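Structure first, commentary second.
Lettering follows sequence order; numbering is per chain, from 1. Quick caveat, the model's predicted, so the values are computed rather than measured.
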Amino acid sequence: MDIESFQTDLIDWFEMEMRDLPWRKDQDPYKVWVSEIMLQQTRVDTVIPYFTRFLEKFPSIEVLAKADEDQVLKAWEGLGYYSRVRNLQSAVKEVHEKYAGQVPDDPNEIASLKGVGPYTAGAILSIAYGKPEPAVDGNVMRVLSRILLIWDDIAKPSTRKIFETAVRGLISHEKPSYFNQALMELGALICTPTSPSCLLCPVRDHCQAFEAGVQNELPVKTKKKKQRLVEMVVAVVKDKQNRILIRKRPESGLLANLWEFPSAEIVLGYRSEKEQFVDHFHETYQVNLSLGDMVGRIEHVFSHLIWNIHVFKGELHGDIQEGPGLKLVKAEELEEYAFPVSHQKIIKQYLGV
DNA sequence: GAGTCGTGGAA
DNA sequence: TTTCCAAGACT
């Protein structure tokens, strides 16, 4: 492989064809950082409006460092993988305090920031600082597995290192930012997972998989096992003043620190789901409530599990102690809180709007 | 190394 | 309808 002509063909194509994306307007390390966190496991089209709004609300490291976490989560509502933004704010606080607000350009320092793994570190170092560091994501592994005919299973974490080594040998030292972005852009636009557009590919002449006619066999990727089913009861509980009870989820684990309607995981074919929920509610809040009939059912699919949500309406009997993680709010005030999409569905279907 | 952690779109 | 994701990181 002629590395120089590969770099030239790839980068020339990128300079002609790169998409006009909001995070490509400049190379501000903070903006690059935010975009890379948002883009983790998330489509470009999904990220665009979130990125624009997020930077309007939190235009600088200082603003984000000082922002209220509930407001930050609200800006992330619907994007998923919510620990990303809590880690981002945590790391931004560290940069604000420890590095005087300047995103470090040292590989070890930047990789030590919360939420910044090998890919994101390389992306920031190359895109914002022009350093020839590999930024190996799913696109890069797919593209290079074809070009270099690499048959290792890209689902295995250890495989990423093989591609990092490959990139170190291929990356342009003149334009490392464009080189890394070009590999990803190629994966997104041309060298797609199924039916790659090889006839339009700018580096077709360098591609060993195309030469051998095996581009559809690569990359090798073992499939993940399917989700486990979880039965849930969620209750929209109102007090005598028609206020709705919401609570903040635990600070770790699934949907951490988001708000929700009181919920409980239940076991089918045991006591009635209504009975299980009322008992759980009393143990949790020391308050009685009555549940009506089930008003609906919602299935919500996560990466690793499926919630089968049984939706009930309930009435509070007695006073409940509000606190930082437990509130009674009017229906119009619900929009001020960040809810998971599963509970947004409940709001839409059973509370109107 | 394998499981956890979201969502909406495409094949 | 089902499957597989899409610019991963953390435990």
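Cluster annotation: Ile266(A) and Ile298(A) are assigned to distinct hydrophobic clusters (Ile/Leu/Val/Met/Phe/Trp/Tyr, side-chain heavy-atom contacts under 4.5 Å, transitive). Note on Leu326(A) and Val234(A): separate hydrophobic clusters, where clusters join Ile, Leu, Val, Met, Phe, Trp and Tyr whose side-chain heavy atoms are under 4.5 Å apart, directly or indirectly. Cluster membership for Leu73(A) and Tyr337(A), using ILVMFWY side-chain heavy atoms within less than 4.5 angstrom, is shared. One hydrophobic cluster, built from ILVMFWY side chains closer than 4.5 Å, cannot hold both Val44(A) and Leu183(A); they sit in different ones.
In this structure, Asn87(A) atom CG and dC10(C) atom P are separated by 6 Å, rounded to whole Å. Between Lys161(A) atom NZ and dA9(C) atom C1' the separation is 14 Å, expressed in whole Å. Arg43(A) has its CZ atom 11 Å from the P atom of dG8(C), to the nearest Å. Rounded to a whole Å, the CD1 atom of Ile110(A) is 15 Å from the C1' atom of dA9(C). Regarding Lys156(A), its NZ atom lies at a distance of 18 Å from the C1' atom of dG8(C), rounded to whole Å. Remark: P of dA9(C) and CH2 of Trp76(A) are 13 Å apart, rounded to the nearest angstrom.
Across all strands, Arg142(A) comes closer than 4.0 Å only to sugar-phosphate atoms, never to a base (heavy-atom distances). In this structure, Val44(A) reaches the bases: a heavy-atom distance under 4.0 Å links it to at least one base atom across the strands shown. Within 4.0 Å of Ser158(A), counting heavy atoms only, lie sugar-phosphate atoms of the nucleic acid but no base atom. Lys225(A) comes within contact range of the sugar-phosphate backbone alone, with a heavy-atom separation under 4.0 Å but no base atom that close. Within 4.0 Å (heavy atoms only), Lys114(A) reaches sugar-phosphate atoms of the nucleic acid but no base atom. Nucleic acid contact for Thr42(A): base, since at least one base atom lies under 4.0 Å from a heavy atom of the residue.
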Discussion item. Using the rule given for salt bridge (Lys or Arg N to Asp or Glu O under 4.0 Å), can you reason through Glu97(A) versus Lys93(A), listing the C-alpha separation, both sets of side-chain angles and the distance that settles it, and then say yes or no?
Written reply: CA-CA 6 Å; Glu97(A) 293 160 12; Lys93(A) 286 178 177 174; over 6 Å; no
Worksheet item: Where do Glu77(A) and Lys74(A) land on the salt bridge (Lys or Arg N to Asp or Glu O under 4.0 Å) test, with the steps shown first?
Response: CA-CA 5 Å; Glu77(A) 185 184 42; Lys74(A) 182 65 186 175; 2.8 Å; yes
Item to complete: Show the numbers, then the answer: is there a side chain to side chain donor-acceptor pair (under 3.5 Å) between Tyr119(A) and Gln40(A)?
Response: CA-CA 9 Å; Tyr119(A) 163 76; Gln40(A) 289 170 6; over 6 Å; no
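Near DNA chain C, meaning a heavy atom under 4.0 Å away, the residues from residues 185-203 of chain A are Pro193(A). Within residues 251-263 of chain A, the residues having any heavy atom under 4.0 Å from DNA chain B are, by residue number, Gly253(A), Leu254(A), Leu255(A). Non-hydrogen atoms lying under 4.0 Å from DNA chain B are contributed by Gln41(A), all within residues 14-41 of chain A. Contacts of residues 299-307 of chain A with DNA chain C (heavy atom under 4.0 Å): none.
Applying the ring-ring contact (aromatic ring centres under 6.0 Å, His included) rule to pairs touching residues 200-250 of chain A yields Phe6(A)-His206(A), sequence neighbours excluded.
Using modelled atom types and a 3.5 Å distance limit, the side chains of Ser126(A) and Asn180(A) yield a donor-acceptor pair. No side-chain donor from either of Glu62(A) and His96(A) sits under 3.5 Å from a side-chain acceptor of the other.
Nucleotides dG8(B) and dA9(C) place their P atoms 23 Å apart, quoted to the nearest Å. Separation of the C1' atoms belonging to dG8(C) and dG1(B) is 16 Å when rounded to the nearest angstrom. Rounded to the nearest Å, the gap between the P atom of dA6(C) and that of dC5(B) is 23 Å.
Between Glu15(A) and Lys175(A) a salt bridge is recorded (basic side-chain N to carboxylate O distance below 4.0 Å). A salt bridge links Arg24(A) with Glu185(A); the closest basic N to acidic carboxylate O contact falls under 4.0 Å. Under 4.0 Å is where a charged nitrogen must lie from a carboxylate oxygen, and between Glu133(A) and Arg168(A) at least one such pair does.
With a 6.0 Å cutoff to the six-membered ring centre and a 45° limit on the axis angle, Arg53(A) does not count as a cation-pi contact of Phe51(A).
Aromatic pair Phe14(A)/Phe179(A): centroids not less than 6.0 angstrom apart. Taking the six-membered ring for Trp and the full ring otherwise, the centers of His300(A) and Phe302(A) sit less than 6.0 Å from each other.
In this structure, Tyr81(A) and Pro157(A) both approach DNA chain B, and ranking their closest nucleotides by distance from the 5' end singles out Pro157(A).
For DNA chain B, the outermost nucleotides in 5' to 3' order that have an atom under 4.0 Å from a heavy atom of chain A are dG1(B) to dG8(B).
Annotation for Glu251(A): atom CD does not count as buried by contact number, only 12 or fewer foreign heavy atoms lying within 6.0 Å.
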